[in-house]
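Here is the structure we will look at, set down as structure tokens.
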Amino acid sequence: MAQIHPTAIVHPGATIDPSVTIGPYSVIGERVSIGPDTVIAAHVVIDGHTEIGARNHIFPGATLGLEPQDLKYNGADSLVRIGDDNTLREYVTVNRATGAGEVTTIGNHNLLMAYVHVAHNCVLADNIVIANSVALAGHVEIESRAVIGGVLGVHQFVHIGQMAMLGGMSRIDRDVPPFMMVEGSPSRVRALNQVGLKRAGLLNQDNGQVFQALKKAYRLLYRSQLPLISALEALEPLLDIEPIAHLHHFLQESSQNPQRRGPIPGR
């Protein structure tokens with residue numbers, strides 16, 4: 001039997017694993033499902049079509065699955081889907097998507113600190129850290145292992161690449177390339193994210209060849225004064241190295257796809 005505080009309100013139609021804990025004054029809606037060993041603290045509201053996986057910890061005041069803050073929303077049946085082993089700290093808000101059948105997604109092993117807002121149709125991958133008071137606008141996508149500093153806003157439709165690191169209080173209005181450090185208002189690529197590469201074990205991968213290739217890519221893209229298309233052509237001999245191929249594809253898509261915001265430039 002789930003450990004549900006007597007002051008909590010849980011709709012009888014909700015699907016709650018027997019190992020779930022639900023704290024005082026929390027409210028769980030009819031179309032919510034919560035997986036094993038998830039802990040819901042006090043004063044949490046989870047409503048709408050919301051699916052939450054295993055071993056998540058949701059702190060007081062969080063609000064998940066409510067209607068999107070989008071004037072186009074017409075009551076469509078949309079979702080929030082949250083994976084496993086996430087920590088959502090105090091007053092995190094996650095809105096469901098706008099269109100019918102669309103999903104706002106949070107993957108696995110993510111840390112969202114206090115007052116983070118995840119808007120409609122955002123897609124967050126795995127092992128992401130988002131610091132306090134960050135606001136993600138609609139349709140933002142964040143790849144795995146990104147680290148986002150506090151008190152910043154991310155423009156709608158922006159893509160943030162794998163292992164990128166964003167400095168606090170920056171203005172993020174264009175795509176952030178993978179493996180780069182970005183900071184400022186307007187934001188600029190400042191350096192290669194060596195801290196993130198070290199944590200991921202890439203500094204010594206293949207006897208350091210991967211790291212050296214990324215350093216070369218950084219110099220071509222942001223220090224050579226080559227136009228982006230020329231820098232990408234110069235990277236083609238390195239495309240057999242997976243991180244370079246990923247960086248190359250990200251920048252091609254960002255610069256050529258009319259639905260993308262375009263990449264943040266260097267200094």
Side-chain angles (χ1 to χ4, degrees), residues 121-125 128-130 134-149 152-267:
N121 297 86
C122 286
V123 177
L124 279 60
I128 296 164
V129 176
I130 304 180
V134 169
L136 307 180
H139 299 273
V140 167
E141 294 190 21
I142 306 178
E143 296 180 357
S144 295
R145 292 183 174 271
V147 176
I148 300 178
L152 63 77
V154 181
H155 195 284
Q156 62 184 2
F157 293 100
V158 159
H159 289 221
I160 297 173
Q162 175 184 350
M163 270 183 259
M165 181 175 284
L166 284 58
M169 295 186 287
S170 297
R171 189 180 78 195
I172 309 299
D173 58 0
R174 299 172 73 176
D175 292 350
V176 178
F179 314 111
M180 302 298 163
M181 296 184 68
V182 164
E183 180 271 338
S185 181
S187 292
R188 293 291 182 263
V189 175
R190 305 293 180 179
L192 193 63
N193 182 16
Q194 294 190 41
V195 172
L197 295 171
K198 182 178 180 180
R199 289 172 178 168
L202 292 182
L203 289 188
N204 299 316
Q205 185 173 324
D206 295 331
N207 295 319
Q209 291 182 9
V210 171
F211 178 56
Q212 292 303 320
L214 284 168
K215 285 176 65 176
K216 182 176 181 179
Y218 172 76
R219 289 193 294 267
L220 283 168
L221 290 165
Y222 302 110
R223 293 293 180 266
S224 68
Q225 299 186 358
L226 287 172
L228 177 60
I229 189 169
S230 299
L232 290 175
E233 289 174 357
L235 284 177
E236 289 179 359
L238 300 174
L239 292 184
D240 59 329
I241 300 173
E242 194 281 329
I244 301 298
H246 181 67
L247 174 62
H248 188 275
H249 176 74
F250 184 100
L251 290 169
Q252 272 195 326
E253 278 289 302
S254 179
S255 59
Q256 297 175 15
N257 186 336
Q259 296 182 336
R260 296 279 291 268
R261 294 283 301 169
I264 287 176
R267 289 189 292 184

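Position 1 is the first residue of the sequence; numbering continues from there.
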Do [X] and [Y] make a side-chain contact, defined as non-hydrogen atoms from C-beta onward lying under 4.5 Å apart?
{"X": "Arg174", "Y": "Pro265", "result": "yes"}
{"X": "Arg171", "Y": "Pro186", "result": "yes"}
{"X": "Leu221", "Y": "Leu247", "result": "yes"}
{"X": "Val129", "Y": "Ile148", "result": "no"}

Report the distance from atom [atom1] of [X] to atom [atom2] of [Y], rounding to the nearest 0.5 Å.
{"X": "Leu166", "Y": "Met180", "atom1": "CG", "atom2": "CE", "result": "13.0 Å"}
{"X": "Glu236", "Y": "Ile244", "atom1": "CD", "atom2": "CD1", "result": "13.0 Å"}
{"X": "Leu192", "Y": "Met165", "atom1": "CG", "atom2": "CE", "result": "11.0 Å"}
{"X": "Leu202", "Y": "Leu214", "atom1": "CG", "atom2": "CG", "result": "7.0 Å"}
{"X": "Leu251", "Y": "Gln256", "atom1": "CG", "atom2": "CD", "result": "10.0 Å"}

For [X], look at atom [atom1] and say whether over 12 heavy atoms of other residues, nucleotides or ligands are found less than 6.0 Å away.
{"X": "Gln225", "atom1": "CD", "result": "no"}
{"X": "Asn207", "atom1": "CG", "result": "no"}
{"X": "Leu239", "atom1": "CG", "result": "yes"}

Please name all residues satisfying side-chain hydrogen bond (donor to acceptor under 3.5 Å, both in side chains) with [X], sequence neighbours left out, ordered by chain then number.
{"X": "Gln162", "result": "none"}
{"X": "Glu143", "result": "His246"}
{"X": "Arg199", "result": "none"}

Heavy atoms only: give me the nearest [X]-[Y] pair and the separation to one decimal.
{"X": "Gly266", "Y": "Arg188", "result": "O-CD, 3.0 Å"}
{"X": "Val189", "Y": "Pro177", "result": "CG2-CD, 4.2 Å"}
{"X": "Ser187", "Y": "Ile264", "result": "O-CG2, 3.4 Å"}
{"X": "Arg190", "Y": "Tyr218", "result": "O-OH, 3.0 Å"}
{"X": "Met169", "Y": "Leu152", "result": "N-CB, 4.0 Å"}
{"X": "Gly262", "Y": "Ser254", "result": "C-OG, 3.0 Å"}

Whether the side chain of [X] engages the backbone of [Y] through a donor-acceptor N/O pair (distance < 3.5 Å, no angle test) should be reported.
{"X": "Asn257", "Y": "Gln259", "result": "yes"}
{"X": "Ser230", "Y": "Leu226", "result": "no"}
{"X": "Ser170", "Y": "Ile172", "result": "no"}
{"X": "Asn193", "Y": "Met163", "result": "yes"}
{"X": "Asp206", "Y": "Gln209", "result": "no"}

Option among Val158, Ile160, Val176 that satisfies the side chain to side chain contact (heavy atoms under 4.5 Å, CB included) test with Ile142: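 Among Val158, Ile160, Val176, the one meeting side chain to side chain contact (heavy atoms under 4.5 Å, CB included) with Ile142 is Ile160.
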Test side-chain contact (heavy atoms from CB on, under 4.5 Å) applied to Phe157 and Val140, step by step: CA-CA 5 Å; Phe157 293 100; Val140 167; over 6 Å; no
Which pairs pass ring pair (Phe, Tyr, Trp, His ring centres under 6.0 Å) with one or both residues in residues 247-267, sequence neighbours excluded?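 Sorted result for residues 247-267: empty, none.
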What pairs meet the salt bridge (charged side-chain N to carboxylate O under 4.0 Å, His left out) rule with one or both residues in residues 208-224, with sequence neighbours excluded?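 Qualifying pairs: none.
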Enumerate the residue pairs fulfilling salt bridge (charged side-chain N to carboxylate O under 4.0 Å, His left out) with a member in residues 252-265, sequence neighbours excluded, ordered by first and then second residue.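 Residue pairs with at least one partner in residues 252-265: Asp175-Arg260.
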Run the side-chain contact (heavy atoms from CB on, under 4.5 Å) check on Ile130 and Leu124 step by step: do they pass? CA-CA 11 Å; Ile130 304 180; Leu124 279 60; 3.8 Å; yes
